[in-house]
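One-based numbering, in listed order, for ligands and for the atoms of each. Numbering of residues begins at 1 and proceeds along the displayed sequence.
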Amino acid sequence: MVTVGVLAVQGDVREHANALLASGAQPVPVRRPSELAALDGLVIPGGESTVIDKLMRAFELREPVRAAIDAGLPVYGSCAGMILLADEVLDGTSDQQTLGGMAITVRRNAFGRQVDSFETDLTMPALTEPERPVRAVFIRAPWVERVGDEVEVLATVPAGPAAGRIVAVHQDNLLATSFHPEVTGDARVHEYFVRLVRESSRPA
Ligand code: GLN
């Protein structure tokens with residue numbers, strides 16, 4: 001069984017752990033640099049990206065996690081986690097840093113102040129049962145404004161004021177969603193990530 005860490009400095013750690021278990025992976029909370037070595041993959045949960053950024057620096061996790069990403073560790077970032085994986089952030093705080101790794105530009109809190117949170121059904125052809133929509137829960141979510149050539153777009157908002165906005169992306173071992181699949185009981189996004197983890201941890 002693959003072991004997938006959930007960065008446990010802030011955010012909805014338990015929900016991701018449950019979704020990983022449902023996807024056939026062994027979840028473990030990660031708070032210390034020494035815990036990274038045992039991992040086949042890592043989830044960076046939603047929460048507040050500026051706080052997660054500060055706590056990762058305080059816990060001396062930032063550089064080891066960056067190095068692990070560079071070395072090819074599969075990482076899934078949801079919402080604040082997407083912001084942390086982005087090479088560039090718009091509307092961040094002045095001292096906000098990301099880990100980077102994905103050739104995307106994200107806009108923080110992009111959906112606007114009137115509609116902080118909303119839900120919609122998305123089509124995600126890359127998942128199992130692609131005809132079954134994914135219920136996407138957005139909570140003060142970012143969207144993706146620019147993707148590099150190496151990035152695969154997995155989902156866009158189908159309708160409404162944000163129609164066409166990119167909200168799920170994949171690049172090599174990295175996956176990011178603007179929304180929170182861990183709160184819906186549908187584990188297909190986590191299953192997609194666990195497949196990336198299995199493929200990358202298989203001996204060559
Ligand atoms: N708005 C938050 C941020 O900037 C993200 C919200 C979330 O992860 N639910 O980090």
Side-chain angles (χ1 to χ4, degrees), residues 4-20 27 29-31 41-59 61-62 65-66 69 75-102 104-122 124 134-147 154-157 160-162 165-171 174-190 192-193:
V4 176
V6 183
L7 186 71
V9 297
Q10 195 233 10
D12 56 344
V13 175
R14 190 176 341 134
E15 290 82 353
H16 278 287
N18 289 338
L20 288 165
V30 171
R31 291 186 192 85
L42 177 68
V43 172
I44 304 179
E48 171 51 54
S49 58
T50 54
V51 174
I52 296 175
D53 165 37
K54 286 201 181 87
L55 290 174
M56 284 186 89
R57 285 190 257 173
F59 293 3
L61 275 164
R62 180 186 151 77
V65 171
R66 274 171 68 104
I69 293 172
V75 182
Y76 166 36
S78 161
C79 200
M82 171 189 259
I83 296 173
L84 282 152
L85 286 178
D87 281 346
E88 192 184 14
V89 188
L90 305 174
D91 293 341
T93 58
S94 58
D95 61 343
Q96 180 167 11
Q97 293 179 22
T98 71
L99 299 163
M102 284 192 113
I104 57 174
T105 301
V106 298
R107 186 173 296 279
R108 202 166 147 250
N109 301 332
F111 290 89
R113 302 209 177 276
Q114 277 81 24
V115 276
D116 275 351
S117 304
F118 71 101
E119 297 185 19
T120 191
D121 282 340
L122 300 177
M124 289 188 73
V134 172
R135 190 73 184 159
V137 177
F138 295 87
I139 306 165
R140 292 181 64 73
W143 66 40
V144 180
E145 289 206 359
R146 180 196 62 89
V147 296
L154 299 179
T156 56
V157 176
R165 291 296 182 180
I166 297 168
V167 290
V169 284
H170 162 231
Q171 177 188 332
L174 304 177
L175 171 69
T177 62
S178 303
F179 53 93
H180 291 266
E182 74 280 7
V183 300
T184 61
D186 178 353
R188 286 177 298 157
V189 171
H190 289 77
Y192 176 95
F193 178 60

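Considering SG of Cys79 and CD of Glu48, their distance stands at 9.0 Å, rounded to 0.5 Å.
Contacts of Thr105 classified as side chain to side chain contact (heavy atoms under 4.5 Å, CB included), with partners at least two apart in sequence or in another chain: Glu88, Leu90, Arg146.
Residues Thr184 and Phe179 are not in side-chain contact: their nearest non-hydrogen atoms beyond the backbone lie 4.5 Å or more apart. In this structure the side chain of Phe111 reaches within 4.5 angstrom of the side chain of Val167, judged on heavy atoms.
Listed by chain and number, residues touching ligand 1 at under 4.0 Å (heavy atoms only) are Gly46, Gly47, Glu48, Ser49, Cys79, Ala80, Ile83, Arg108, Asn109, Ile139, Arg140, His180.
Val134 approaches Asp186 most closely through the heavy-atom pair CA-OD2, 4.5 Å.
The main-chain N or O of Gly92 is never found under 3.5 Å from a side-chain atom of Arg107 such that the two would form a donor-acceptor pair.
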